[in-house]
A.B. asks: 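The following block contains the structure, expressed as structure tokens.
The shown structure was predicted, so the numbers you read here are calculated from the model rather than taken from an experiment. Lettering of chains follows the sequences in order, A, B, ..., and the numbering in each one begins at 1.
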Amino acid sequence: MARVFFSSGLRRLVGGAESVEIDARDVRELLRALDAKYPGFASRIGDANAIAIDGEIIPHGEALLERLRPDSEVHFLPQIGGG
Amino acid sequence: MEEVRYESPTTIARAAQLLAEPGARVLAGGTDLIVQMRTGRKTPSVFVDVKRIPELAGIRLDAKALWLGAAVPAALVVENAEVNRLFPGLVEAVDLIGSTQIQGRASVGGNLCNSSPAADTVPALIAIGAVCLIAGPKGERRVPVESFNSAPGKNVLAAGELLVGFEIPRPAARTADAYLRFIPRTEMDIAVVGAGVSVTLDASGVCTHARVALGAVAPTAILVPAAVAALVGSRGEEAALARAAAASSEAARPIDDKRGTIVYRRKVSGVLTKRAAAAAFERARGARRG
Amino acid sequence: MKIHVHTRVNGEATEFLCAPDRSLLEILRDELQLTGTKEGCSTGDCGACSVMLDGRLVCSCLVLAPEVEGRSIETIEGVAKGDQIHVLQRKFLEHAALQCGICTPGFIIAAKALLERNPDPSEEETRYWLAGNLCRCTGYDKIIHAVLDAAADLRGETR
Amino acid sequence: MSDKPKGDQPASDRKWKYIGTRPIRHDGLDKVTGRAQFGADYALPGMLWGKVLRSPHAHARIRGIDVSAALALDGVKAVITGRDFPDVASEAAEGGEGANDFGDLAMNVIAREKALYHGHAVAAVAATTAKIAEEACKRIVVDYEVLKPVLSLDAALAANAPILHESARATGHEPLPKGPSNVASRREMGRGDIAKGFSDADVVVEREFRTPMVHQGYIEPHAVLARTGQDGRSVVWCCTQGAFMVRAYSAKVLGLSTDMIKVIPTEIGGGFGGKTTVYGEPLAILLSRKAGRPVKFVMSREEVFRASGPTSGTHIRVKMGATRDGKLTAAEAVLYYEAGAFKGSPVGAAMMTVFAPYKLANVRIEGWDVVLNKPKVAAYRAPGAPMAALVVETVMDELAEKLGLDPIDLRLENAVHEGVQATYGPKFRAIGFVETLRAAKSHPHYKAPLGVNQGRGVACGFWFNAGMSSSANVSINEDGSAVVVTGNPDIGGSRASLALMAAEELGIPVENVRPVVADTEAIGYTDLTGGSRVTFATGMAVIEAARDVVRQLRARAAQIWSVELDAVAWEDGRALLLSEAPGVHEPLSLAQLAGRAAQTGGPLVGRAALNARGAGPGFATHLCDVEVDRETGAVTVLRYTAVQDAGKAIHPSYVEGQYQGGVAQGIGWALNEEYIFDENGAMENAGFLDYRMPVASDLPMIDTVIVEVPNPMHPYGVRGVGETPIVPPLAAVANAVQRAARVKLSELPISPPRLLEAIDRAV
């Protein structure tokens, strides 16, 4: 079960939970599961533009097929730009 | 679109003739004029390059005075050993005009004729009693530097008139000048405040004569008689310098702009007057007969 | 009306036609294809367009093209002699004194002018002499080292 | 001897032959002799000159534009306005930098209904000379309805503020403004219990800073030359941080497919993030199409200031608490960032970086992205992080003073390390923060005595560093020399680093490796030069491509020797036979194998294309000594030391150069640089004279210490180094000034009038 962490800004979308465990093999499955558990979640994290999986920050658009390990830690983050 | 001309006369008479044409502008070092043209602030129709006129291009020292051609580039002034010996404050001011590159072109005459209140050489010239030599269709005339500019961007030159150079009287014995300016960086800025001071001491070290001028704190560079009064009769001691500083702060009539505030410029006017006066006293004590 | 100007550029007799209000920088770059001299500001504040005019360091953006009639100009293209680069050029390379390189020609021209009149400048003299040349990449550190090292090399010292 | 390429060993165990040496960069000779061609150095026969007409109002509705008088001018070949461009829908821009939206981008390139900042492009002209183009711009008549401009964060957020984008609504986390506002987004992040954290603290410090909009200040103005054929295909030469970005963005703005545009990156005269989007490129393409002739645009310095992408002005509040023994208990930050005329400030990155160096269980961070009538911000070196670090690091300094602790010790007590959960979420892998603190503490600089009116500041900084997509080809020439082709414009010596990595893998001298920056049709897709990613990510691709060609070389040798591939090793630029019978086959050099390439199957070309994962975060600790003139408020930087973890320094000179350059920019930002606007929103100091970047005489030598804690995710241990160096200096300078002058600061720049006022207030 991957553990998904919610920063304070996202907690209102998930009933105040700090983190939940989700059974998912990749990010696409994870988002589906989260959306099922918290209806509307997937569409409302639009501004969380990056996802960190086990410390690796991946732009949202690239992360869908990212594999998750059973002990993976997932965080939703704002987008970062570099100079 | 306007046609533009470039002329490089070799005589004052021909230059005066050209300068009588509407839209004619003197081109000396070009470091102000060309920038103003690029940014659209000035649209000259005739460039009158005066650098090929001998009277404007030389430095000469005689028994009476230093004769400084209006178009002499700053670098030549700074490199001149006699000018350094007699007028260290003027050299300090000239050396502050822009970068090394700018110094290769910019002239003292241009610095004055641009009529910026912040021009570095102007307070220094005023402090040493420099007089402008002006030629024009009606002949020559002399104007003290402090009376040359009338407002930002404005001066006493009439159509067809031309600044030929400066007559700077040889300093009396135990006389020295100093110039300081404040800028936020160490180089490449326009003065936020400039202070030029000249003092003459008697044999016992008491100041008998002084001139104090400030730049960038009024529409034109100003003389500060009250600061002079504080210095004359003193030996440049702390209390006298403090009185001169207070007089300069009081005399300053600055504006708030992107380069500094009123409060700041007033305060720094005093600080620089004090520091420049201290330097001038120090130099005058060690100065040999001019 | 265009003016016919005769000059010497890097030792070569050169002539060009120009409108009276064009800058030497524009002529060098757009007419003579000497694009080694760079434009950073066109107001004399960055030094990228530095050239030597009759042995004086100037910003070519602040020289009107007709002013160079009968004068001689040295640009970055004239600094290396044949297959021999100048010591300053070598030291800039050895010290990694350039990152993007846009300011480099101006710095080399200005530094060369310094070393020609002062073979043993102090760090402070070097910094003030070069204050009219902006560099935004290096923090100047390696540039100053390169110039001081080139000066030592030209004096026959090893640092 | 191993049967595998050396590269499979951990980076820390490896014996380097070329990595860590300081060869002369391959493009260096062209750059010191004036031969290198930058953006403005290209010209084509029949070329026209482009000029942009820019809005003289910071906020105005455009009721109509009449270009007829301009078109009537002899020599004018084309005029375009917003109406010549397609409508572009709102869509997040990938592959660029920061939070760009293509709809906004299109409107930033040329205004449509509204001009949103002083300098916003309104029309563009192509003519036979620059002077005619300029004159034509003057003859274009624009009917403006001038609106009240919004010029500060406070004004933008005020009730009844004029609204820039009437139909836009704030996004993010509630509470959000209802209805139209200048808030583009509001977000929150955090964890733990803030109230409890602060109640556990023995000391709480709260500080507030305002920082102005500042510019990257690259010396080369934006320049572009575009040529379009009768088939509608365009070739674009421009100085950019990303040729593929220019292609994608221009295609999007012009409604073209990507294959219609080829972008050839020229040498680039600095960018620092400022050349990560498009300005004149789409205009030049469209004008060249309309005029049927090449069109060249070069921005003036004034245009660069007014109409490119500086970074945000900010208003930041930070509160932190600590126990008596120096353990941080809680931290809170509220960050307001100016986005400029369109949404997308770097506040997101600021929220994530603000407390990243420290172990904190209780955190609350609130970030606001606010639009106002200033140029749209672009990336600037560690976008968003320096201003946030300024406030946190001044708070840390004040905590240290209040607790009577050494400022480095306080940071060491709370410094993050491997395994710690970052305040922005994930756990750190191997990082070198503690190592930078220790190196700074033991540096002679830290113990050097200080004089009267002098002070020493310490500050730390963090940046993520990026990976992203890169392609690389490594091909072997007939004589055994090599060519490395990548798609990243070289902004600070990256060609030398990439060549070093190829040399290391191939085992040939770096002088025999030629690194090339290719155009968009000569190499696979490559994300732009930015995010400190090139040496890391493109370097990874080069290493992979080189290993690919080494595999081929081993196979060729195996073929010649009639042995299995596994029996051939590659060492020091030669294929060696790992057989029981030494001396049977002499090793085959790269040159020998290259010479027999045709015989053994054809040319030797290694390829790699990857989306690099595992960028290692960069940490730095800086020391700064200043002297303050208490009568004028002038600050002199006396000494500066920058300590930073590079993972592995490939070419140490250019690593040092990044540290030094970032420090210089940071010092400028701290002391003098700022956008000054008049009451109508026109920038008053749009030139190098009054936008006061540091000159050579303003700075001391900048000492550097390269710490190397290898990034476990890179074959050589590389971390990006380009951005982190600008994060600490704002605070390092501020802390030094505060200690030297015994004042509390709350605003940048620490200009002489501002500091003198603070000194007078404190007396």
A.B. asks: Using non-hydrogen atoms and a 4.5 Å limit, figure out which bit of Q216(D) sits close to chain C: side chain, backbone, both or neither.
C.D. replies: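 Only the backbone of Q216(D) comes within 4.5 Å of chain C.
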A.B. asks: Looking only at heavy atoms and a cut-off of under 4.5 Å, which of G217(D), G28(D), P694(D) has the most pairs with chain C?
C.D. replies: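 The residue among G217(D), G28(D), P694(D) with the greatest pair count is G217(D).
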A.B. asks: E656(D) vs R22(D), test: salt bridge (Lys or Arg N to Asp or Glu O under 4.0 Å). Steps then yes/no.
C.D. replies: CA-CA 11 Å; E656(D) 292 161 4; R22(D) 301 172 184 242; 2.9 Å; yes
A.B. asks: So R495(D) and E267(D), salt bridge (Lys or Arg N to Asp or Glu O under 4.0 Å) or not? Walk me through it.
C.D. replies: CA-CA 12 Å; R495(D) 267 176 289 217; E267(D) 293 296 341; 2.8 Å; yes
A.B. asks: Can you name the nearest heavy-atom pair linking N10(C) to E74(C), along with the distance?
C.D. replies: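 Distance-wise, the nearest heavy atoms are OD1-CA, 3.3 Å.
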A.B. asks: Using non-hydrogen atoms and a 4.5 Å limit, figure out which bit of S300(D) sits close to chain C: side chain, backbone, both or neither.
C.D. replies: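 Contact with chain C is absent: no heavy atom of S300(D) under 4.5 Å.
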A.B. asks: If only atom types and distance count, is the side chain of D41(D) paired as donor or acceptor with the main-chain N or O of F38(D) below 3.5 Å?
C.D. replies: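 Yes: the side chain of D41(D) pairs with the backbone of F38(D).
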A.B. asks: Could you look at A43(D) and say if it's the side chain, the backbone, both or neither that has a heavy atom under 4.5 Å from chain C?
C.D. replies: neither
A.B. asks: Is L29(D) in contact with chain C via its backbone, its side chain, both, or neither, using a 4.5 Å heavy-atom distance?
C.D. replies: both
A.B. asks: Against chain D, label S42(C) side chain, backbone, both or neither, depending on which of its atoms sit under 4.5 Å from a heavy atom there.
C.D. replies: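 S42(C) has no heavy atom closer than 4.5 Å to chain D.
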A.B. asks: Can you tell me if CD on E116(C) sees more than 12 non-hydrogen neighbours from other groups inside 6.0 Å?
C.D. replies: yes
A.B. asks: Looking at I102(C), L28(C), L25(C), which hits side chain to side chain contact (heavy atoms under 4.5 Å, CB included) with E39(C)?
C.D. replies: L25(C)
A.B. asks: Looking at G668(D), A130(D), G493(D), P221(D), which one has more heavy-atom pairs under 4.5 Å with chain C than the rest?
C.D. replies: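 Looking at each option in turn, the highest pair count goes to P221(D).
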A.B. asks: Given the rule in the salt bridge (Lys or Arg N to Asp or Glu O under 4.0 Å) test, do R90(C) and D153(C) qualify, once you have shown the distances and angles that lead to the verdict?
C.D. replies: CA-CA 11 Å; R90(C) 181 160 53 81; D153(C) 196 286; 3.7 Å; yes
A.B. asks: Is it the side chain or the backbone of P700(D) that comes within 4.5 Å of chain C heavy atoms, both, or neither?
C.D. replies: backbone
A.B. asks: With a 4.5 angstrom heavy-atom cut-off, which part of L98(C) approaches chain D: side chain, backbone, both or neither?
C.D. replies: both
A.B. asks: Non-hydrogen atoms of chain D under 4.5 Å away: do they reach the side chain of D21(C), the backbone, both or neither?
C.D. replies: side chain
A.B. asks: Among E220(D), H651(D), Q665(D), which has the most heavy-atom pairs under 4.5 Å with chain C?
C.D. replies: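 Of the options given, most contacts go to Q665(D).
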A.B. asks: Heavy-atom pairs under 4.5 Å with chain C: which of A696(D), G34(D), A664(D), S653(D) has the most?
C.D. replies: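 Option with the greatest count: A696(D).
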A.B. asks: Measuring heavy-atom distances to chain D, does I85(C) have an atom under 4.5 Å in its side chain, in its backbone, in both, or in neither?
C.D. replies: side chain
A.B. asks: Apply salt bridge (Lys or Arg N to Asp or Glu O under 4.0 Å) to the pair K131(D) and E135(D), showing each step before the final yes or no.
C.D. replies: CA-CA 6 Å; K131(D) 209 168 167 184; E135(D) 178 63 27; over 6 Å; no
A.B. asks: Roughly how far, to the nearest 0.5 Å, is NE2 of H95(C) from CD1 of I143(C)?
C.D. replies: 12.0 Å
A.B. asks: Mind ranking R301(D), K31(D), Q660(D) by heavy-atom pairs under 4.5 Å with chain C and telling me who comes out on top?
C.D. replies: Q660(D)
A.B. asks: So for L699(D), is it side chain, backbone, both, or neither that comes closer than 4.5 Å to the heavy atoms of chain C?
C.D. replies: both
A.B. asks: Decide whether a cation-pi geometry holds between K275(D) and Y218(D); the criteria are a distance under 6.0 Å from NZ or CZ to the six-membered ring centre and an angle within 45° of the ring axis.
C.D. replies: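 Yes; both conditions hold, so K275(D) lies above the ring face of Y218(D).
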